[in-house]
There are 2 protein chains.
Amino acid sequence: MRKASKIRTRWSQASVEGRAPAFPGPIWGLTILGSLSLNLITIALLASLYEGHGPLGCEAGSSGFVAEPEKAVLIAPPQSSVEEVEMVSAEEISVSSTAGSRPTSKDAIINLDHGDPTVYEAFWKRMGERGDIVLPGWQSMSYFSDVSNLCWFLEPEFAHQVRRLHSLVGNAVVDDGRFIIVGTGSTQLFQAALYALSPPDAAEPMNVVSAIPYYSSYPTVTDYLRSGLYRWAGDASTFEGDAYIELVCSPNNPDGSIREAVLSSKNGKTIHDLAYYWPQYTPITGAADHDIMLFTVSKSTGHAGARLGYTSSPSSAVEIEHLCLMYLVNLRWALVKDKDVAKRMIKFIELNTIGVSKDSQLRVAKILKVVSDGYGLPGNKHRLFEYGRRLMSVRWRKLRAAVKASGIFSLPEFPSSLCRFTGEETETYPAFAWLKCEKEGVEDCESFLRNHKLLTRSGRHFGVEAKYVRISMLDRDETFDLFIQRLLSLR
Amino acid sequence: MRKASKIRTRWSQASVEGRAPAFPGPIWGLTILGSLSLNLITIALLASLYEGHGPLGCEAGSSGFVAEPEKAVLIAPPQSSVEEVEMVSAEEISVSSTAGSRPTSKDAIINLDHGDPTVYEAFWKRMGERGDIVLPGWQSMSYFSDVSNLCWFLEPEFAHQVRRLHSLVGNAVVDDGRFIIVGTGSTQLFQAALYALSPPDAAEPMNVVSAIPYYSSYPTVTDYLRSGLYRWAGDASTFEGDAYIELVCSPNNPDGSIREAVLSSKNGKTIHDLAYYWPQYTPITGAADHDIMLFTVSKSTGHAGARLGYTSSPSSAVEIEHLCLMYLVNLRWALVKDKDVAKRMIKFIELNTIGVSKDSQLRVAKILKVVSDGYGLPGNKHRLFEYGRRLMSVRWRKLRAAVKASGIFSLPEFPSSLCRFTGEETETYPAFAWLKCEKEGVEDCESFLRNHKLLTRSGRHFGVEAKYVRISMLDRDETFDLFIQRLLSLR
């Protein structure tokens with residue numbers, strides 16, 4: 001059974017009503033292949049144009065990365081699809097951009113393909129020593145963090161600070177009936193959840209689906225090991241079947257829409273990916289209370305390098321209106337409701353990496369503590385979410401003005417809602433811009449922008465048309481401002 | 001083609017000549033099942049005996065762990081097989097042991113099932129502030145460590161200290177022709193190597209083999225996702241076929257023998273697991289120079305909690321006599337020779353966890369620096385390998401004396417060799433004791449020892465008879481000494 005789509009996104013300029021446009025699914029594999037070939041040619045062209053030119057020149061690197069120190073480019077991005085990475089090999093290319101660094105000139109190639117959250121660096125520099133942690137050489141040597149816990153590799157202080165922060169923000173239920181599981185990186189807990197929800201002895205793999213536009217990593221990460229337990233089955237909106245795992249990302253990566261599951265069956269399972277359900281991106285309209293909810297610190301505090309997240313599920317499966325979900329990229333955490341599911345997720349992490357870095361857990365516990373402590377101090381200086389929200393609102397205002405001025409692009413629009421955390425009616429400022437190219441004759445927006453030295457991720461990776469691209473809104477100020485200037489120069 | 005076995009282990013007491021005894025492979029699944037049922041019954045019995053008795057009593061926990069703070073027990077160990085973990089559920093058991101803690105009485109249950117390397121804690125406490133590291137709140141926020149490197153998530157300082165330590169010890173070739181890849185936990189790089197060496201489009205999965213007794217995690221980790229790329233195919237010594245990946249662990253986990261590949265075919269690949277090729281365990285007879293070599297800090301410096309390792313492969317595939325291999329459990333590293341293989345391993349880690357904790361890499365870089373620096377200081381106080389070697393030699397002397405006194409056990413014996421690192425003729429002191437029960441009527445050594453409150457890992461998990469058990473030699477002094485006393489009490 002399919003429920004009516006509940007994806008609430010309106011489109012400005014191009015005025016596409018209702019949900020994101022459908023894409024001719026069956027041929028998208030071929031389309032990607034074709035487009036990637038085109039990209040390769042474009043990159044080769046760029047390479048010959050920019051190789052070794054003054055501050056833009058760079059040494060030949062490898063594996064998709066070619067760089068001078070501090071002036072590097074990522075062509076084969078960690079989050080891009082296998083096809084893309086394998087086709088766009090490092091050897092053929094030699095360009096410079098802003099990935100992992102600041103732009104060096106007005107003409108620099110701007111890489112906004114990834115959601116690298118360096119926007120938060122300035123906040124943490126301002127926090128000074130408050131965010132520091134000392135790790136003694138003899139500490140955390142054992143495999144075990146807490147043998148009395150179901151999740152034996154979970155540091156108690158990390159778990160405490162996760163519960164404390166969610167209680168403060170009110171974005172997820174974290175009562176004692178939920179199990180907290182810590183994971184390494186955005187995809188580990190996602191894979192752990194697939195492993196936990198797929199019957200171990202089924203004759204056919206479990207179908208994994210998500211409504212378009214879906215996060216570009218979902219298909220790749222589901223299928224890279226050709227598992228007999230689960231397989232990617234595409235767009236949830238067109239899925240016919242009874243047994244499935246539906247991935248619900250809300251606010252959605254890439255388009256920022258608030259989502260609920262589109263499928264409904266008693267044999268169906270859902271994983272709620274809540275990476276972006278934090279007050280800097282969206283109004284907090286209620287405490288999320290789903291079976292499996294995934295979170296990450298890389299999009300909440302910006303600590304992508306720590307590779308930590310968590311998951312949780314509620315003690316009762318009460319559905320909350322306006323549920324917003326989060327996806328955790330680095331130190332991830334999951335809040336899980338069902339004990340057997342939690343056990344299998346933990347087993348996956350045992351088998352996959354024998355637990356999760358204790359160093360990162362201890363460090364992130366300190367970071368989360370500083371965030372929560374900030375709300376007990378006078379003034380706004382120590383308040384991460386206010387910092388993030390102000391910054392995102394300024395960026396979105398600049399972006400919308402530039403899009404309007406260009407006349408050749410459009411952006412989704414979002415309703416405003418009462419945020420229970422701030423107590424104010426607030427707008428949505430997604431971590432990614434989902435840009436549509438409306439210029440006549442341009443079918444491939446990624447290529448069009450790449451020709452203007454702006455690296456983005458094509459809609460094709462998200463299961464939709466090449467007219468769309470996803471653009472990170474979380475880079476450093478200098479890079480973001482250069483992006484706006486570049487956009488304003490396009491007609 | 002099968003080469004003659006080169007596993008050089010002699011057996012004392014029971015005088016089993018040549019290699020470890022063969023096990024009736026086809027029925028070991030059933031045997032494990034049967035034994036696990038027996039274990040469950042034994043555990044249930046122990047539970048009823050010890051539940052809530054004074055200092056041994058403990059709260060009911062979950063997921064295989066039941067504990068009081070500091071008096072915890074692990075029944076479902078992270079390294080044990082899926083079958084074991086899923087059968088030995090936490091709910092049925094309530095015992096106390098020394099996992100993750102010190103023994104609380106002479107009668108305590110002693111858990112030596114895991115190789116938790118807490119033996120090194122005392123050394124790092126002695127090092128004091130030298131081993132400390134401060135991580136500022138704003139540091140390492142980006143996904144990227146070094147975009148000019150093939151392995152874009154590898155911290156340059158970690159790579160530098162890995163090369164420096166191997167150059168000092170002389171146990172592996174680390175020249176510039178090799179790629180260093182960092183991984184999370186013992187199994188991530190192992191899986192990355194399987195992924196890299198298996199053809200992506202083959203009709204049949206690649207066969208993964210290892211000579212018995214093989215490390216108990218190999219079958220489980222190979223098969224848990226039912227991958228279409230690779231599958232566990234059992235004992236390398238009896239494998240018939242041309243296409244395979246052979247896992248060569250040397251010194252071998254569980255039996256400490258020095259190993260080379262037993263198979264030889266131009267379509268065959270090998271992964272060399274060198275976790276224990278460090279001077280505290282075995283003479284360093286040459287610099288290992290294989291295509292893919294895996295290492296870990298958990299067995300070299302003892303930092304299991306950091307979840308870090310590395311891999312490397314040589315620029316030329318020169319075979320070194322007396323090659324010793326290492327297996328890295330936590331921060332792991334791999335030294336890889338073939339660029340395309342390295343690329344695919346890196347791709348696996350991108351897809352699996354989008355890189356590796358930078359916090360742990362930075363911390364372990366500091367730890368490795370302290371180890372190398374120690375050899376530039378006067379005296380032996382700062383020399384980790386001398387500390388480890390002295391300690392292991394004392395422990396093995398005690399163990400051999402206890403085994404001799406008991407009259408019902410036997411241990412492998414090892415030849416001594418010239419260690420190029422120390423310049424002395426030295427013996428082998430493996431991180432695990434591979435104990436055989438010679439007592440009449442005892443077919444299941446694990447159960448026999450469990451009845452005496454000593455938790456070990458049965459030979460069945462390593463593909464051989466239940467007369468064998470693996471026992472960790474790396475626990476804290478108090479636990480080890482209690483183990484020796486317990487052994488001496490058995491007749």
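Lettering follows sequence order; numbering is per chain, from 1.
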Any non-hydrogen side-chain atom of [X] less than 4.5 Å from a side-chain atom of [Y]?
X: Q191(A); Y: N352(B); result: yes
X: W124(A); Y: P136(B); result: no
X: L135(A); Y: D132(B); result: no
X: W138(A); Y: Y120(B); result: no
X: L229(B); Y: Y224(A); result: no
X: R363(A); Y: Q139(B); result: yes

Which bit of I133(A) is near chain B, if near means a heavy-atom gap under 4.5 Å: side chain, backbone, both or neither?
both

Less than 4.5 Å to any heavy atom of chain B: does that hold for the side chain of P205(A), its backbone, both, or neither?
neither

With side chain to side chain donor-acceptor pair (under 3.5 Å) as the test, would you mind laying out the steps for T353(A) and T184(B) before giving the verdict?
CA-CA 6 Å; T353(A) 54; T184(B) 311; over 6 Å; no

d(R226(A) CZ, Y230(B) OH) to nearest 0.5 Å is 11.5 Å

Looking at D359(B) and D359(A), would you say the former's side chain and the latter's main chain have a donor-acceptor pair under 3.5 Å?
no

Give a yes or no on this: more than 12 heavy atoms of other residues, nucleotides or ligands lie within 6.0 Å of atom NZ of K369(A).
no

Shortest non-hydrogen separation from [X] to [Y] and the atoms involved:
X: S142(B); Y: T118(A); answer: CB-CG2, 4.1 Å
X: G115(B); Y: Y143(A); answer: O-CE1, 3.8 Å
X: M141(A); Y: E121(B); answer: SD-CA, 3.7 Å

Going by the angle between their ring planes, with limits at 30° and 60°, are F144(A) and H114(B) parallel, tilted or perpendicular?
perpendicular

Residue among I367(B), V134(B), L225(B) with most heavy-atom pairs under 4.5 Å to chain A
L225(B)

